[in-house]
Chemist: 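Quick one: the structure is below, questions incoming.
Order of the sequence lines fixes the chain letters, A, B, ..., with proteins taken first and strands second; residue numbering starts at 1 for each chain. Please read these numbers as outputs of a predicted model, since none were measured by experiment.
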Amino acid sequence: MRNFEVAFIFNDIADMLEIKGENFFKIRAYRKAARTIENLPVEIEEMAKEGRLQEIEGIGKALSDKIYEILETGTCHYYENLKKEIPPGLVEMLKIPGLGAKKIKVIHDTLGISSIEELEKAARTKKLRTVPGIGTKTELSILKGVEALKNRAGRVLLATALLVADQVISSLSSMKEVTDAEVVGSLRRKKEMVGDIDIIAATAAPETVLNDFSKIPHISEITERGATTVSAIHDMGAKIDLILVTPQEFYPALRFFTGSVDHNTELQSLAQTMGYDLDETKILNKNSNEIFYPESEIQIYEKLGLPYIIPELREGRGEIKAARCGKLPEVVELEDIKGDLHIHSNFSDGISSIKEIAKKAKSLGYEYIAITDHSKSLKIAGGIDEEKLKEQIAAIKEINKKSDEVYILTGIEVDILSDGTLDFSDDVLSKLDIVIASIHSGFKQDTDTITNRIITACQNPHVDIIAHPTGRILGRRDPYAADMDKILEAAAATNTVLEINSSPDRLDLNDLMAQKAKEMGIKMVIDTDAHDKEALEDIKYGVWTARRGWLEEKDIANTMPLDELLKFFKVKK
DNA sequence: GCCGTTTTCGGCCCGACTGTTTTCAGTCG
């Protein structure tokens with residue numbers, strides 16, 4: 001957890017330096033350090049104790065000093081001074097699409113605006129256009145950006161919420177008065193973004209637990225407190241709701257507060273027809289007035305004649321009917337995944353070497369991986385040209401020969417260029433085991449243009465997979481205007497596999513789109529798009545998304561053993 | 001701010017797109 005805390009501060013510093021107009025490379029040093037620390041497989045505190053901070057790539061004297069200070073005091077002077085200098089509203093404004101540090105500074109300097117509310121007002125009253133470099137179009141786009149930001153206010157990514165929830169639950173579990181604690185709500189159902197982090201805890205001493213709750217690290221503010229409930233704000237900005245129940249009420253409450261509302265309503269209707277009444281504390285037999293306190297969620301579903309329904313499926317999308325007919329999907333499990341087919345190495349913009357990635361993959365129990373770096377046109381990501389690709393293929397063959405680690409497939413994430421052509425010739429693509437095609441430019445093209453680009457890629461006999469098919473970035477960028485129905489049809493017609501990208505801010509395809517693809521007979525892969533060996537662990541987010549989309553092992557190509565997978569990808573060619 | 005068989009300063013991702021200008025700056029990936 002402390003890694004996250006240090007990374008958070010470094011990112012905040014980078015934001016503020018950006019507004020100050022500091023040296024680009026200095027800012028990048030803070031961001032890079034933040035990313036490295038966030039993904040560090042060990043506790044930064046441990047490394048600090050051993051005096052090994054400067055062994056971390058990208059951390060020198062200045063940053064390591066700040067890390068020591070943060071670990072000791074929770075903050076550092078440099079950070080606190082910056083916070084005094086830069087109004088927090090300006091940092092917030094960085095989240096507005098189309099508005100960057102330079103414009104924020106000039107707006108602040110010209111009109112004295114230092115909050116999003118003031119910015120919105122200035123845009124509405126047409127004062128923003130008086131700022132040098134801002135015209136009517138920019139004014140309008142800023143207004144749109146503010147709207148978009150408001151719409152997602154307070155929502156956090158699943159990955160962030162889980163991190164916070166784990167920390168709070170482990171603190172709760174360590175209290176001797178707490179017998180059980182579990183995350184509930186949409187977070188337990190593994191929705192891609194959540195508004196609140198809901199937690200229930202079982203205790204016979206609610207008063208004591210509520211008092212101790214406010215002492216949990218990083219709980220910065222208690223916003224509401226009742227006899228058995230408390231709401232708080234976590235340092236990371238997430239809202240936490242804690243509900244206390246008695247130990248015997250724990251499982252009814254777990255079921256009830258996990259939701260969803262639709263699932264609960266349907267379940268209650270079914271219970272009623274069977275003579276039961278379900279609520280958050282018990283199961284009541286209406287005929288005999290007998291009260292039943294289940295000792296697991298399984299017992300609740302059993303009582304209603306149903307098999308257990310996993311939280312990811314509890315969305316009221318027909319799961320109860322399916323459960324009644326014995327037609328619940330046998331959803332894919334993390335252990336079913338036999339390899340990751342979308343990984344970047346240090347040949348392009350990844351941090352880790354192929355060997356390091358292979359070692360990590362082995363530790364995850366994988367049978368194979370594919371190295372799929374960016375292609376030459378994506379300059380910012382250090383896209384590789386034909387020559388470098390040849391070098392990489394040779395390097396991979398060499399590693400495969402010598403090592404008993406996972407089998408490494410050669411591959412590329414080839415850019416679908418703005419004109420719809422691919423960044424490499426068919427001849428080059430034909431020499432690779434796995435070809436992933438994806439879009440990294442021309443995001444704002446109209447529906448026809450961008451749809452046709454992706455369809456053309458599907459039609460290329462060498463393209464195996466379309467990566468992050470909708471292009472959305474959660475909380476930051478909408479999907480491109482592509483017609484997904486047409487793309488699904490093209491994928492189905494050409495046997496092109498679609499990706500469920502596990503990166504926590506993508507999860508693309510999402511659950512519903514993946515379910516639709518499954519119904520059309522399209523195969524999918526769950527990949528991480530990792531740029532760092534540690535990010536291979538992100539695969540769980542993709543698996544959860546697939547489970548929410550009712551996907552089974554047979555729907556996912558990378559659950560196949562290697563020989564079967566290779567045969568499968570040859571069918572199209 | 002980091003890094004270095006260029007050892008102590010200078011290099012460290014580039015290019016398209018957009019909107020504001022009138023030749024360019026800011027944003028984004």
Chemist: Taking B/dG4 as the reference, what is the distance to B/dC13 when you measure between their P atoms (whole Å, please)?
Modeler: 14 Å
Chemist: Answer with base, sugar-phosphate or nothing: what part of the nucleic acid does A/L378 contact at a heavy-atom distance below 4.0 Å?
Modeler: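 No contact at all - A/L378 keeps every heavy atom at 4.0 Å or more from the nucleic acid.
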Chemist: Quick one: does A/T451's side chain have a donor or acceptor within less than 3.5 Å of a partner on A/D483's backbone?
Modeler: yes
Chemist: Between A/I473 and A/T138, who's closer to the 5' end of DNA chain B by nearest nucleotide?
Modeler: A/T138
Chemist: What distance, rounded to whole Å, do you find between the two C1' atoms, one in B/dT20 and one in B/dA25?
Modeler: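 Going atom to atom, C1' in each nucleotide, I get 9 Å.
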Chemist: With heavy atoms under 4.0 Å as the rule, sort A/T136 into base, sugar-phosphate or nothing.
Modeler: sugar-phosphate
Chemist: How about A/F347 and A/H374: do any of their side-chain heavy atoms sit closer than 4.5 Å?
Modeler: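 Sidechains of A/H374 and A/F347: no contact.
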Chemist: Please give the distance between the C1' atoms of B/dT8 and B/dC3 as a whole number of Å.
Modeler: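 Taking atom C1' in both B/dT8 and B/dC3, they lie 11 Å apart.
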Chemist: When we call it a touch if two heavy atoms are under 4.0 Å apart, what does A/K376 touch: a base, just sugar-phosphate, or nothing?
Modeler: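 Nothing, no heavy atom under 4.0 Å.
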Chemist: Count the heavy atoms belonging to other residues, nucleotides or ligands that lie under 6.0 Å from NZ of A/K540, then report whether that count exceeds 12.
Modeler: yes
Chemist: Counting any heavy atom closer than 4.0 Å, what does A/I380 reach on the DNA or RNA strands: base, sugar-phosphate only, or nothing?
Modeler: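 The residue A/I380 makes base contact.
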Chemist: Do A/I500 and A/L507 make a side-chain contact, defined as non-hydrogen atoms from C-beta onward lying under 4.5 Å apart?
Modeler: no
Chemist: Is it the case that the side chain of A/Q445 and the backbone of A/S418 share a donor-acceptor pair, with hydrogens and angles ignored and the cut-off at 3.5 Å?
Modeler: yes
Chemist: Classify the ring geometry of A/F10 against A/Y30: parallel below 30°, tilted from 30° to 60°, perpendicular beyond 60°.
Modeler: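 The arrangement is perpendicular - the two ring planes meet at more than 60°.
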Chemist: By the 4.0 Å heavy-atom rule, please label A/F24 as base, sugar-phosphate, or nothing.
Modeler: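 Counting heavy atoms under 4.0 Å across all strands, no contact is made by A/F24.
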Chemist: Taking for each residue the nucleotide of DNA chain B with the nearest heavy atom, is it A/L63 or A/L94 whose nucleotide lies nearer the 5' end?
Modeler: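 Nearest-nucleotide comparison on DNA chain B picks A/L63.
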Chemist: Using the P atom as the point on both nucleotides, what is the distance between B/dC9 and B/dG15, in whole Å?
Modeler: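 It works out to 31 Å between them.
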Chemist: Side chain to side chain donor-acceptor pair (under 3.5 Å) with A/E72: which residues, sequence neighbours excluded?
Modeler: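 None.
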Chemist: Which nucleotide of DNA chain B is the first, and which the last, in the 5' to 3' direction, to come under 4.0 Å of a heavy atom belonging to chain A?
Modeler: B/dG1 to B/dG29
Chemist: Heavy atoms only, 4.0 Å cut-off, all strands: where does A/K61 land among base, sugar-phosphate and nothing?
Modeler: sugar-phosphate
Chemist: Assign A/G60 to base, sugar-phosphate, or nothing according to its heavy-atom contacts below 4.0 angstrom with the strands shown.
Modeler: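 Sugar-phosphate, no base atom in range.
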Chemist: Using atom C1' of each nucleotide, how far apart are B/dC12 and B/dA16 to the nearest Å?
Modeler: 22 Å
Chemist: Touch check for A/A101, heavy atoms < 4.0 angstrom, all strands: base, sugar-phosphate only, or nothing?
Modeler: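 Touches sugar-phosphate only.
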Chemist: Based on the glycosidic angle (syn within 90° of 0, else anti), state the conformation of B/dT18.
Modeler: anti
Chemist: Select base, sugar-phosphate, or nothing to describe what A/R476 touches, counting heavy atoms under 4.0 Å on all strands.
Modeler: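 Nothing, no heavy atom under 4.0 Å.
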Chemist: Any base atoms under 4.0 Å from A/P132, or only sugar-phosphate, or nothing? Heavy atoms, all strands.
Modeler: nothing
Chemist: How about A/I44 and A/I56: do any of their side-chain heavy atoms sit closer than 4.5 Å?
Modeler: yes
